[in-house]
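Working notes, structure below.
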Amino acid sequence: MPELPEVETIVRSLAPRLTGRHIVSAEILKQRIVRYSKHDVPGAVTGQRVREVTRHGKFILIGLERGFLTIHLGMTGQLRFDSPITPHTRAIFQLDGAALVYDDPRMFGSIEYSEATDRTDRLGPDALNSVLSPELLRRKAPIKAVLLNQSIFAGVGNIYADESLFRAGIHPRRRADRIAAPRASRLIQVVQEVLAEAVEHRGSSVSDYVDTEGRKGDFQLRHRVYGRKGLPCLVCGTPLRKIVVAQRGTHYCPVCQR
DNA sequence: ACTAATGTTGTAGG
DNA sequence: GCCTACAACATTAG
């Protein structure tokens, strides 16, 4: 559910409600969700005041007086305020004022505490808030794999990779380093446009994504290829295809994307 | 019953 | 280091 636009939507609603607040208590219901840090997360964060809430790629960074909480939503993670505990609730953060509940049926997400900044050191620059050089695309891998590689730039997932490649008219299997410089520049521009547009629409809700208030996004209504296999291309009418690239379902128009 | 699903990590091999 | 493929993580929906 969460790529950069969904995570950005969540961060924008978390920030005003968390910043300056204190974590009164914290509870990890499923230890698996704390998978990398060796810290006792509740022990480390309880009593601390939230300094800021930011984002790098798909990671949510909650800056505390000392250290950071880093949250990744995986495929099915949700952060909701004051929502009822469910069988899939994995963690609860009680703030002075509201409870932040983390649900994650598949448990692909993670919650980490670290003293220094952290875990995002393996990520490339943020896909939305950075100037991205087209040289980043000079790889032998298919362009779709490059867009999904978070160490090159961070935030694009399966939906926005497909939507960007369609808008740029590039075949997802095209070797990245064989895209001519002007088209590579154009693709970078399109990626950032698509992400920004999706943020304006509060993300895509294709299965279960909702923001911290339980609201769905709108951007799925504007998808041109993702989830539209067999439907006519909105530009040329050709039935859209679905193939596998970089081990992910990939939607594209065989006529518009070369 | 089987498959695929908005993601990441680790491993093995070329 | 780069690239590919696959398994693993765990659950649900079609």
Side-chain angles (χ1 to χ4, degrees), chain A residues 1-10 29-37 55-60 70-79 86-90 102-112 118-124 127-128 135-165 172-178 191 194-195 197-199 201-211 216-230 242-251:
Chain A
M1 47 176 315
E3 301 181 35
L4 185 152
E6 292 75 36
V7 176
E8 176 65 18
T9 301
I10 288 165
L29 285 79
K30 270 290 176 192
Q31 206 55 40
R32 173 172 291 282
I33 223 68
V34 183
R35 53 184 72 198
Y36 306 107
S37 67
R55 179 189 59 71
H56 186 164
K58 306 171 192 172
F59 288 81
I60 300 166
T70 302
I71 300 177
H72 195 288
L73 301 172
M75 292 278 256
T76 55
Q78 293 185 348
L79 283 167
T86 74
H88 297 133
T89 301
R90 310 306 186 192
Y102 180 72
D103 270 52
D104 187 356
R106 288 174 75 179
M107 292 197 279
F108 287 4
S110 60
I111 297 177
E112 312 295 332
D118 66 303
R119 291 203 33 78
T120 60
D121 54 356
R122 69 185 73 203
L123 298 183
L128 189 56
E135 290 169 23
L136 293 170
L137 304 183
R138 274 197 215 139
R139 301 284 194 117
K140 290 178 182 165
I143 185 60
K144 166 126 181 194
V146 172
L147 295 182
L148 292 177
N149 184 337
Q150 305 295 300
S151 67
I152 300 175
F153 51 83
V156 175
N158 208 31
I159 293 175
Y160 299 104
D162 284 2
E163 292 299 315
S164 299
L165 289 170
R173 286 212 175 105
R174 187 69 178 274
R175 234 178 84 160
D177 60 1
R178 292 205 181 129
V191 164
V194 168
L195 293 174
E197 212 177 300
V199 169
H201 288 272
R202 309 179 55 82
S204 301
S205 293
V206 311
S207 66
D208 55 358
Y209 164 72
V210 289
D211 69 12
K216 293 185 173 192
D218 282 342
F219 196 71
Q220 68 281 4
L221 303 174
R222 297 180 125 75
H223 290 173
R224 300 183 191 171
V225 287
Y226 186 86
R228 301 193 66 247
K229 173 187 159 191
K242 187 176 177 192
I243 57 176
V244 174
V245 182
Q247 283 81 243
R248 308 298 300 276
T250 298
H251 314 72

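The chains referred to below are lettered A, B, ... by the order of the sequence lines, with proteins before strands, and numbering in each begins at 1. Below, each value reflects all heavy atoms present in this structure, side chains not excepted, and no hydrogens, waters or symmetry copies.
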Which part of the nucleic acid, if any, lies within reach of [X] when heavy atoms closer than 4.0 Å are counted: base, sugar-phosphate only, or nothing?
{"X": "A:Lys30", "result": "nothing"}
{"X": "A:Gly249", "result": "sugar-phosphate"}
{"X": "A:Tyr160", "result": "nothing"}

Please list, chain by chain and in numerical order, all residues satisfying side chain to side chain contact (heavy atoms under 4.5 Å, CB included) with [X], sequence neighbours excluded.
{"X": "A:Lys229", "answer": "A:Lys242"}
{"X": "A:Arg138", "answer": "A:Glu135"}
{"X": "A:Gln150", "answer": "A:Lys58, A:Leu123, A:Ala154"}

Specify the separation, in whole Å, of atom [atom1] of [X] and atom [atom2] of [N].
{"X": "A:Arg178", "N": "C:dC3", "atom1": "CZ", "atom2": "P", "value": "13 Å"}
{"X": "A:Asn149", "N": "B:dT9", "atom1": "CG", "atom2": "P", "value": "11 Å"}
{"X": "A:Ile143", "N": "C:dC3", "atom1": "CD1", "atom2": "C1'", "value": "15 Å"}
{"X": "A:Arg248", "N": "C:dC3", "atom1": "CZ", "atom2": "C1'", "value": "18 Å"}
{"X": "A:Ile159", "N": "B:dA5", "atom1": "CD1", "atom2": "P", "value": "11 Å"}
{"X": "A:Arg122", "N": "B:dT8", "atom1": "CZ", "atom2": "P", "value": "11 Å"}
{"X": "A:Ile152", "N": "C:dG1", "atom1": "CD1", "atom2": "P", "value": "14 Å"}

- Message: Could you spell out the base pairing of DNA chain B as a dot-bracket line? Use Watson-Crick and G-U wobble contacts where both distances are under 3.5 Å, [ ] for crossing pairs, | for partners on a different strand.
- Response: .||||.||||||||
- Shortest side-chain distance from A:Tyr36, nucleotide among B:dT9, B:dT8, B:dG7: B:dT9
- Message: Using the side chain to side chain donor-acceptor pair (under 3.5 Å) criterion, which residues pair with A:Asp103? Sequence neighbours excluded.
- Response: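 A:Thr86, A:Thr89.
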- Task: Decide whether A:Tyr160 and A:Glu6 meet the rule of one side-chain donor and one side-chain acceptor closer than 3.5 Å.
- Result: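 Note: A:Tyr160 and A:Glu6 side chains meet the donor-acceptor criterion.
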- Query: Going from CD1 on A:Ile111 to CZ on A:Arg32, what distance comes out if it is rounded to the nearest 0.5 angstrom?
  - Reply: 14.0 Å
- Query: Name the one of A:Val191, A:Val225, A:Leu195, A:Val156 that satisfies side chain to side chain contact (heavy atoms under 4.5 Å, CB included) with A:Ser164?
  - Reply: A:Val191
- Message: Tell me whether A:Lys30 is salt-bridged to A:Asp104, with the criterion being a basic N under 4.0 Å from an acidic carboxylate O.
- Response: no
- Is any NZ, NE, NH1 or NH2 atom of the basic residue among A:Arg202 and A:Asp211 found under 4.0 Å from an Asp or Glu carboxylate oxygen of the other?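 Yes, this pair counts.
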- Task: Using the P atom as the reference point in each nucleotide, state the distance between B:dA4 and C:dC6 in Å, no decimals.
- Result: 13 Å
- 5' to 3', nucleotides 4-14 of chain C under a 4.0 Å protein heavy-atom cut-off (B base, S sugar-phosphate only, - none) gives SB---BBBS--
